[in-house]
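Take a look at the structure below.
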Amino acid sequence: MSNENPEFIRKYILQIGVNEELKKTVLPSGSKDYAERKKETHPEYYSERYKSTTTSSNNYTTVPLNVLTITDPKQITAKISDPKSGKKINVNKSVIEIFNLAEETYTQIKTGASIFLRAGYEQDGEDLPHVFIGQITKVVTAPRYTEVVTTIEANSCEVVRKGAFIHKSYPSGSTLKDIVEDLAAAVGKSGIPVESINNLPIATNLLQKAYPSGYMVSGSPLQALEKVCSSNGMRAYVSLGRLHVEPTEARGELTKVVTIGDGQFKGKIKIVKDKKGEELTSDDDFKDNGDLQLNLFLDGNITKDARVRVTAKGIEGDYVIKDLTHSLDWKKGDWDTDVNLLLIQNGVDPTPATTQTEE
């Protein structure tokens, strides 16, 4: 690969900062910092905060005005893990290392701050896709041999998952749809906007479930939503700072489609088989194994809320994402996306695509 080819010249932008306006909006009154959110347990806080009909344009996908920006050629490594299957809680996690920052720079990086990492190639210009949006959970700067390394740990919803508690009773006859939509709206008020609540056939059927005796929730809105979804064959997760709710085994019921073609493969293509030598496609296998593992050139347009359409000869088909990892290493040259996919079984009619990203 030629270093002059804009298709392969690596490029990234890392931004870190605290959205003060959002912080004022979502923190309980009198709280000094994010840790204080955990102490807010009064039931009236729910009615006062989360029933508000106004929606702030500020949320955790909004880059703060006063932001620290780090870009190439400053050396970084990053690993972003975006699991989806087999877990009640699906948290998008990131570990980022930045090398040899000035002291006045690394001392600005604090726990609780929002972090945005966009990465791609020179050909993307200023329109680099995000590979991670979240909040910092830990930051350490320490010497490593002849260098000084700032290590940042972050996840997609730290502040909101461990935020202010709610206690609420839903009346008898409430449906799962009533509860999910109410809690999703509360998550939106906490700073994570709702991207989608799946309303295609499988989801619609699940959401019709009624609670004759009502239903009670306790915890942060996101924790409460994760719990009620996981008990009813659904999943609530945050990806790139936005909330998604869908059936646990959505199969073809994902309307966003991303296409992967021949030019996007960097390394191994691995077809996973079970002990009998058959390709893994059953619902039971969905929990533990994948059908197709691909090593690709870094592509931030592949997100776990998408259905993947592979056009490469021999492995053509529509797949759902089981897990997704972006790996960046400015020194070694790794600039990869690894996806673990499950083939949508024959006879399952995929839903029509509403969004499609071509190679």
With a 4.5 Å heavy-atom cut-off, do [X] and [Y] have their side chains touching?
X	Y	answer
Thr337	Thr325	no
Leu243	Glu195	no
Asp334	Leu328	no
Val245	Met234	yes
Thr311	Thr259	yes
Arg161	Gln223	yes
Val238	Tyr60	no

- [ ] Identify, with sequence neighbours excluded, every residue that meets ring-ring contact (aromatic ring centres under 6.0 Å, His included) alongside His244.
- [x]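 For His244 the ring-ring contact (aromatic ring centres under 6.0 Å, His included) partners, ignoring immediate neighbours, are Tyr237.
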
Task: Counterpart residues, ring-ring contact (aromatic ring centres under 6.0 Å, His included), relative to Tyr211 (two or more places apart) - done: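 Checked Tyr211 against ring-ring contact (aromatic ring centres under 6.0 Å, His included); matches are Tyr215.
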
- [ ] Group every Ile, Leu, Val, Met, Phe, Trp and Tyr by side-chain heavy-atom contacts under 4.5 Å, then state whether Val217 and Val194 land in the same group.
- [x]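 Yes.
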
- [ ] Answer yes if Ile271 and Ile260 sit in the same cluster of Ile, Leu, Val, Met, Phe, Trp and Tyr residues linked by side chain heavy atoms under 4.5 Å apart, and no otherwise.
- [x]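 Ile271 clusters together with Ile260.
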
Task: side-chain contact (heavy atoms from CB on, under 4.5 Å) assessment of Ile269 paired with Leu292 - done: CA-CA 7 Å; Ile269 298 173; Leu292 186 64; 3.9 Å; yes

Can you sort out the partners of [X] under side chain to side chain donor-acceptor pair (under 3.5 Å), two or more places apart, ordered by chain and number?
X	result
Lys93	none
Ser174	none
Lys313	none
Ser218	His167

TODO: Considering only NZ, NE, NH1 and NH2 on the basic side and carboxylate oxygens on the acidic side, decide whether Asp127 and Arg118 come within less than 4.0 Å.
DONE: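 Result for this pair is no, no salt bridge flagged.
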
Task: Carboxylate-amine/guanidinium proximity below 4.0 Å for Glu226 and Arg235 - done: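 The answer is no: the pair does not qualify as a salt bridge.
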
- [ ] Show your working on side-chain contact (heavy atoms from CB on, under 4.5 Å) between Asp336 and Phe297 and close with a plain yes or no.
- [x] CA-CA 5 Å; Asp336 298 5; Phe297 292 106; 5.9 Å; no

Task: side-chain hydrogen bond (donor to acceptor under 3.5 Å, both in side chains) contacts in which one or both residues fall within residues 64-81, not counting sequence neighbours - done: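 As it turns out, the side-chain hydrogen bond (donor to acceptor under 3.5 Å, both in side chains) pairs with a partner in residues 64-81, which skip direct neighbours, are Thr77-Glu97.
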
Open item on the list: Please evaluate residues Gln264 and Leu294 with respect to the criterion side-chain contact (heavy atoms from CB on, under 4.5 Å), reporting the C-alpha separation (whole Å), side-chain torsions for both, the decisive distance (0.1 Å), and the verdict.
Closed with: CA-CA 10 Å; Gln264 293 169 261; Leu294 304 178; over 6 Å; no

Side-chain donor-acceptor contacts of residues 128-138 below 3.5 Å, not counting sequence neighbours, with atom names and distances?
{"from": "Gln135", "atom 1": "OE1", "to": "Glu158", "atom 2": "N", "distance (Å)": "2.9"}
{"from": "Gln135", "atom 1": "OE1", "to": "Val159", "atom 2": "N", "distance (Å)": "3.0"}
{"from": "Thr137", "atom 1": "OG1", "to": "Glu153", "atom 2": "O", "distance (Å)": "3.1"}

Open item on the list: Test question: given the 4.5 Å side-chain rule for I, L, V, M, F, W and Y, name all other residues clustered with Val149, or answer none.
Closed with: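 ILVMFWY cluster around Val149 also holds Phe99.
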
Open item on the list: Taking transitive links into account, so neighbours of neighbours count too, which hydrophobic residues share a cluster with Val95 at under 4.5 Å side-chain distance?
Closed with: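 Noted: Val95 shares its cluster with no other residue.
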
Task: All side chain to side chain contact (heavy atoms under 4.5 Å, CB included) counterparts of Thr105, not counting sequence neighbours - done: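 Applying side chain to side chain contact (heavy atoms under 4.5 Å, CB included) to Thr105 gives Leu68, Leu101, Ala102.
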
Open item on the list: The test is side-chain contact (heavy atoms from CB on, under 4.5 Å); show your working for Ser196 and Asp305 and say whether it passes.
Closed with: CA-CA 9 Å; Ser196 65; Asp305 58 300; 5.8 Å; no

Task: All pairs passing salt bridge (charged side-chain N to carboxylate O under 4.0 Å, His left out) where residues 210-224 contributes a residue, at least two apart - done: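 Checked against salt bridge (charged side-chain N to carboxylate O under 4.0 Å, His left out) - neighbours excluded - no pair reaches residues 210-224.
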
Task: Aromatic ring pairing Trp335/Tyr12, orientation class (parallel under 30°, perpendicular over 60°, tilted between) - done: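 Tilted.
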
Open item on the list: For the OG1 atom of Thr62 and the CG atom of Leu65, what is their distance to the nearest 0.5 Å?
Closed with: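 The CG atom of Leu65 is 9.5 Å from OG1 of Thr62, to the nearest 0.5 Å.
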
- [ ] Give, for atom NZ of Lys168 and atom CD1 of Ile179, the distance between the pair rounded to the nearest 0.5 Å.
- [x]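 Lys168 NZ to Ile179 CD1: 9.5 Å, rounded to 0.5 Å.
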
- [ ] Return yes if some donor-acceptor pair links the side-chain N/O of Asn100 with the main-chain N/O of Val148 below 3.5 Å, else return no.
- [x]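 Confirmed, Asn100 side chain pairs with Val148 backbone.
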
